[in-house]
**Q** 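A single structure is presented below for examination.
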Protein chains: 2
Amino acid sequence: MAQQTGAARRAPLTRERVLRTAVARADAAGIGSISMRGLAQELGVVPMALYKHVANKDELLDGMVDLVIEEFDPPADALDWKDEVRERVLSARRAVLRHPWARLAIESRTRRTPAVLGYMDSLAGAFRGGGFSANLTHHVMHALGNRIWGFTPELFDEPADPDAPPPTAAAQEATARQFAERYPHILEIAMAATDGDLSRVGEGCDEQFEFEFALDLLLDGFDRLRAEGWTSRRRP
Amino acid sequence: MAQQTGAARRAPLTRERVLRTAVARADAAGIGSISMRGLAQELGVVPMALYKHVANKDELLDGMVDLVIEEFDPPADALDWKDEVRERVLSARRAVLRHPWARLAIESRTRRTPAVLGYMDSLAGAFRGGGFSANLTHHVMHALGNRIWGFTPELFDEPADPDAPPPTAAAQEATARQFAERYPHILEIAMAATDGDLSRVGEGCDEQFEFEFALDLLLDGFDRLRAEGWTSRRRP
DNA sequence: ACGGTAGGTGTACGGTGTACACCTGTCAAG
DNA sequence: CTTGACAGGTGTACACCGTACACCTACCGT
């Protein structure tokens, strides 16, 4: 009761509160809506106040990504290595899909925070526990690349532009057919992916399937290398 | 001789000239140095003049990426499909390494320009010509992901900070050892990668090797699927 | 000779991140 | 009880950004 004057009117700013607010804002309005000024306003505070809890905007982004990483499921180590890696990566994917901005944020981040390192370390531990040498574990994690975060770049999908008018099926088909002479192979692929119904080309690919396709292809390849005792030793 | 008055003093602005200047600037000073204002100044022109040749900054970036794509080697179709894909992707890698900013630019771009589509189409053509069904070609290109551009994210490497003082070998070793209790598996990997000499940890990974490792792993997996006539048909 | 037009100019607006000096309320030590 | 340090919120200011819009000017084909 000593601090009733100013304390009740505004919850105290906190690094935690700043980051959570930023995540909520990005969830609702996209990563582009994150600005120190806008965030400060949402928190009922002057922009510079944020800098008492976050070094700069880059660190803010890093902190937001860390919050997403905290949502990853903990390892369930009763599993066989392949299932464990698979489960952890797919769990990462689920978290990243919950926060659509995270994909871009992770790609643009370079700092490895303790949360990032912790995740990578535990994933490496899954390989090691499954009989992978440290050497093979190293290369194998490189091969997974960004897939350890649960996403791959969308090579074919149109980036959804919320302001664009919904194109008619006919317009989509017309556009697709324009490719025919110039990009015959892409057309072929589009035909195969839509069962020949080019009006469905706007539906995009089944990202989840593509993700698991590549993931399993890699995991099977890893398994083979592990079984033959593959190593890159003595290579310049 | 009719236009001697103003023509000789300044080469006329051109979309080509704008893009080439931007690429040269990015090569020298990084993608962060690309601003409409700075670019205009370098061209001896007022900022808004650029907009007569380029719709906006996004299109400028797209155009720069297109110039990099133009450096990719043309297909050498005497080759077997695997060698051809391998060669084209590694050629893309060479071009991207020549322009270090391109990696980030490609990742942040979403527009598919004719140059982008043309490259993807011809890569798809290599698979098709090698006996891949359109269906399998589709999934296989998704699996390659950003690797078709010749790069993978650097999971372990420290982003080189040109302003940072060069750390001593002893300092590097001390830093590395701090990880020991917290990140034992990453430490293991670092040990394996440096032959136990942690002072060499700053040298980073052999990106070229890691790239080819993953690429070949995937290509071999693709080959297996092709041989068994794999298809995703009849899958919701 | 003349009107249209492509291309370069100048000004202006609303946004950004953040450096720096300042104030203010809380709390521990004297 | 006083005091003084200090964490945390404030206000102002700067340098930069992309780009909308109106303008001007020099060339061109008619």
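Quick note on labels: first sequence line is chain A, next is B, and so on, each numbered from 1. Basis for what follows: all heavy atoms, side chains included, without hydrogens, waters or symmetry-related copies.
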**Q** Between atom CE in A:M36 and atom C1' in C:dT18, what is the gap in whole Å?
**A** 8 Å
**Q** With sequence neighbours left out, what residues match B:L97 under side-chain contact (heavy atoms from CB on, under 4.5 Å)?
**A** B:R93, B:Q208
**Q** With sequence neighbours left out, write down each residue that passes ring-ring contact (aromatic ring centres under 6.0 Å, His included) with A:H99, or none if nothing qualifies.
**A**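 By the ring-ring contact (aromatic ring centres under 6.0 Å, His included) rule, A:H99 matches A:W101.
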**Q** The criterion is salt bridge (Lys or Arg N to Asp or Glu O under 4.0 Å); which residues satisfy it with A:E188, sequence neighbours excluded?
**A** B:R128
**Q** Sort and list the pairs that fulfil ring-ring contact (aromatic ring centres under 6.0 Å, His included) and have at least one residue in residues 53-72 of chain A, not counting sequence neighbours.
**A** A:F72-A:Y119
**Q** So, using side-chain contact (heavy atoms from CB on, under 4.5 Å) as the criterion, who are the partners of A:T14 when residues are at least two apart?
**A**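 Partners of A:T14 by the side-chain contact (heavy atoms from CB on, under 4.5 Å) criterion, ordered by chain and then number, come out as A:E16, A:R17.
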**Q** Compute the ring centroids of A:H139 and B:F209, then answer whether they are less than 6.0 Å apart.
**A** yes
**Q** Can you list the residues that meet the side-chain contact (heavy atoms from CB on, under 4.5 Å) rule with A:Q41, with sequence neighbours excluded?
**A**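 With neighbours one apart ignored, the set is empty.
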**Q** If every non-hydrogen atom of A:A192 is compared with every non-hydrogen atom of B:A134, which pair is closest and at what distance?
**A**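 Looking at all heavy atoms of both residues, the closest pair is CB-CB, 3.8 Å.
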**Q** Using a strict heavy-atom distance below 4.0 Å, which residues from residues 50-62 of chain B are in contact with DNA chain C?
**A**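 Per residue number, the list reads B:K52, B:H53.
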**Q** To the nearest Å, how far apart are A:M48 CE and D:dT10 P?
**A**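 Rounding to the nearest Å, CE of A:M48 and P of D:dT10 are 12 Å apart.
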**Q** For residues 22-30 of chain B, which residues have at least one heavy atom under 4.0 Å from DNA chain D?
**A** none
**Q** With A:R109, which residues qualify under salt bridge (Lys or Arg N to Asp or Glu O under 4.0 Å), at least two apart?
**A**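 Result, salt bridge (Lys or Arg N to Asp or Glu O under 4.0 Å) vs A:R109: A:D58, A:D62.
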**Q** Using atom CD of A:Q41 as one end and atom P of C:dG15 as the other, report the distance to the nearest whole Å.
**A**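 In whole Å, C:dG15 P and A:Q41 CD are 10 Å from each other.
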**Q** Pick the nucleotide of DNA chain D nearest each of A:V46 and B:G38; which residue has the one closer to the 5' end?
**A**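 It is A:V46, whose closest nucleotide lies nearer the 5' terminus.
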**Q** Using atom CG of B:L39 as one end and atom P of D:dC17 as the other, report the distance to the nearest whole Å.
**A** 11 Å
**Q** What is the distance, to the nearest angstrom, from the CD1 atom on B:I34 to the P atom on D:dT19?
**A**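 Atom-to-atom, B:I34 to D:dT19, this comes out as 14 Å.
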**Q** Once side-chain contact (heavy atoms from CB on, under 4.5 Å) is applied, do any residues pair with A:P75, and if so which ones, sequence neighbours excluded?
**A** A:E84, A:R88
**Q** For B:D73, what residues pass the salt bridge (Lys or Arg N to Asp or Glu O under 4.0 Å) criterion, not counting sequence neighbours?
**A**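 By the salt bridge (Lys or Arg N to Asp or Glu O under 4.0 Å) rule, B:D73 matches B:R94.
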**Q** Are any protein N/O atoms closer than 3.5 Å to N/O atoms in nucleotides 13-16 of chain D? If there are, list each pair with its distance.
**A**
none

